[in-house]
Amino acid sequence: METIIIIDFGSQYTQVIARKVRELGVYAEIFPFRTPAETLIAKSPKGIILSGGPCSVYAENAPHPQWNALDFGVPVLGICYGLQLLAYQNEGEVTKAEHREYGRAELIIDNQDDIFAGVNPRTQVWMSHGDYLTKMPEGFKTIAHSANSPICAIRNTEKRAWGVQFHPEVHHSMEGKKILGNFVRNICKCTENWSADSFIDTAIEKIRAQVGSGEVICALSGGVDSTVLAVLLHKAIGDKLHCLHVDTGLMRLNESQTLMDLFAQNFNMSIEKLDGSELFLSSLAGVSEPEKKRKIIGKSFIDMFEVAASKFNNAKWLAQGTLYPDVIESVSVKGPSAVIKSHHNVGGLPEKMGLKLIEPFRELFKDEVREVGRLLGVPDWFVKRHPFPGPGLGIRILGDITRDKIATLQHADAIYIEEIRNAGLYDQIWQAFAVLLPVRSVGVMGDERTYDCTCALRAVTSVDGMTADFFPMPYDVLSKISNRIVNEVQGINRVVYDTTSKPPGTIEWE
Ligand code: XMP
């Protein structure tokens, strides 16, 4: 497959570059800057993009690859740090700006031959850099400038290398996609051959070849990834697939039933549903410490799964919906979640049960999984659902967990989601959910004094869950949700809205 290689120098936007290139119908893969030249050459890339990064090229720990991208003999595009690296390695010079340039800027294009072909001669771009180019690298010429900086884009026609000081991959760069399109299609001559459709065909062939006559177990969490995975596997291997769903008792209101109905109504697939609520809730009784709760939930899941999966003794494979962002060995600063919370998964289980892992989505981004789902006939309302964490409501009830608290939170959460949907906001939000706090406060209902719990509402926008901004929920919607929760949910007499972004907060409260 025609591939564009993206070298990661630590920019928060590296994954966005890959996604944008793929949206253009061209397969893109990310590699850390330390990757040896031979590994990159072995991929036979059609072009190389050098990402941005937070460092100055002169900084002590600045990421410097062992190769010069100009030696690969394929077109190169350096973005921000990538441009500065091109300069640094090719006798140019970079200087520290007095003020970091951050935000929108007007790019004035001086040459529209290739990378800026068809782009408005004055176009808005997104700048984010502390250094700028003061001496042109060998063989390069300026092709765009701005009011603040005389060099915003450069080109070396002989070496087929381009550098831009701005970030074409972020959506504030109005014509960024056209610029990336010019690079991958016109300059690198890539054809459009990457799509969810083509992925499905090749994935089915690969799955069949990989598992042969072996049987596969797939655990359904109720989330989009595992659901789409099960449907894809079923298409590939039919009844050699065995699906399990463990109802942990910590699901959203009617969640398990919705999942079973989805499969019954849309796909001719049988799912083994196990009621694990007794095991989960008794193991969690009296436990308040977040990490301890997470560990107990993880272990209970493995215990349940092990017993259930032993029924399928011909199974040799365990399917997992691992996505590309989990696979990339990124130098970017990932959010603190990886170290701060032990994520719930089936780690350790495959080895213990002698199962081999099959992970057909290892090269996909979440949006691509959603697209694959749509093409496989998973209904749109399901494909667009917000992510839900493995430990479920267990990490949204602060303090110890009881059946009553679960019922209270399920009710409040259902009202919250219903109102967000009614207001037409659901699809603008990455994740929205209610949290039950062990904080009681005084209120008044009718003429009665109340002394009940607090419910916190969380809604964030995000691209991948690594960073997030709180969603500016309109006041009228908040007011309606708050009124309904306090009036309809017994045990809650106060509602607050969480305005913390990530970082420094995390999305979940535990
Ligand atoms: P945090 O709270 O770390 O969450 O900012 C980032 C994203 O990850 C989800 N999350 C989990 N997903 N198992 C999962 O499958 C987990 O243990 C887990 N913990 C957090 C969270 O919902 C958000 O989308």
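For ligands, and for the atoms within them, numbers begin at 1 and follow the listed sequence. Values reported hereafter were calculated over all heavy atoms of this structure, with side chains retained and with hydrogens, waters and symmetry mates removed.
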Task: Atom indices of ligand 1, in the order listed, that fall short of 4.0 Å to a heavy atom of Gly465 - done: 6 (C)
Task: Heavy-atom side-chain proximity of Tyr324 to Phe361 below 4.5 angstrom - done: no
- [ ] Under 4.0 Å from a heavy atom of Lys502: give me the atoms of ligand 1 that qualify, with their elements.
- [x] 1 (P), 3 (O), 5 (O), 6 (C)
TODO: Decide if atom NZ of Lys235 counts as having more than 12 heavy atoms of other residues, nucleotides or ligands within a radius under 6.0 Å.
DONE: no
- [ ] Give the atoms of ligand 1, by number and element, whose distance to some non-hydrogen atom of Arg294 is under 4.0 Å.
- [x] 16 (C), 17 (O), 18 (C), 19 (N), 20 (C)
Task: Ligand-residue contact atoms, ligand 1 with Thr506, heavy atoms, under 4.0 Å - done: 1 (P), 2 (O), 5 (O)
Task: Nitrogen or oxygen atoms of Gly390 and ligand 1 under 3.5 Å apart - done: yes
Task: Any N or O of Pro391 closer than 3.5 Å to N or O of ligand 1 - done: no
Open item on the list: Measuring only between side-chain heavy atoms, which start at C-beta, is Leu284 closer than 4.5 Å to Leu250?
Closed with: yes
Open item on the list: Tell me whether the rings of Phe312 and His242 are parallel (<30°), tilted (30 to 60°) or perpendicular (>60°).
Closed with: parallel
TODO: Give a yes or no on whether the backbone of Ala434 and the side-chain of Arg396 come within a donor-acceptor separation of less than 3.5 Å.
DONE: no
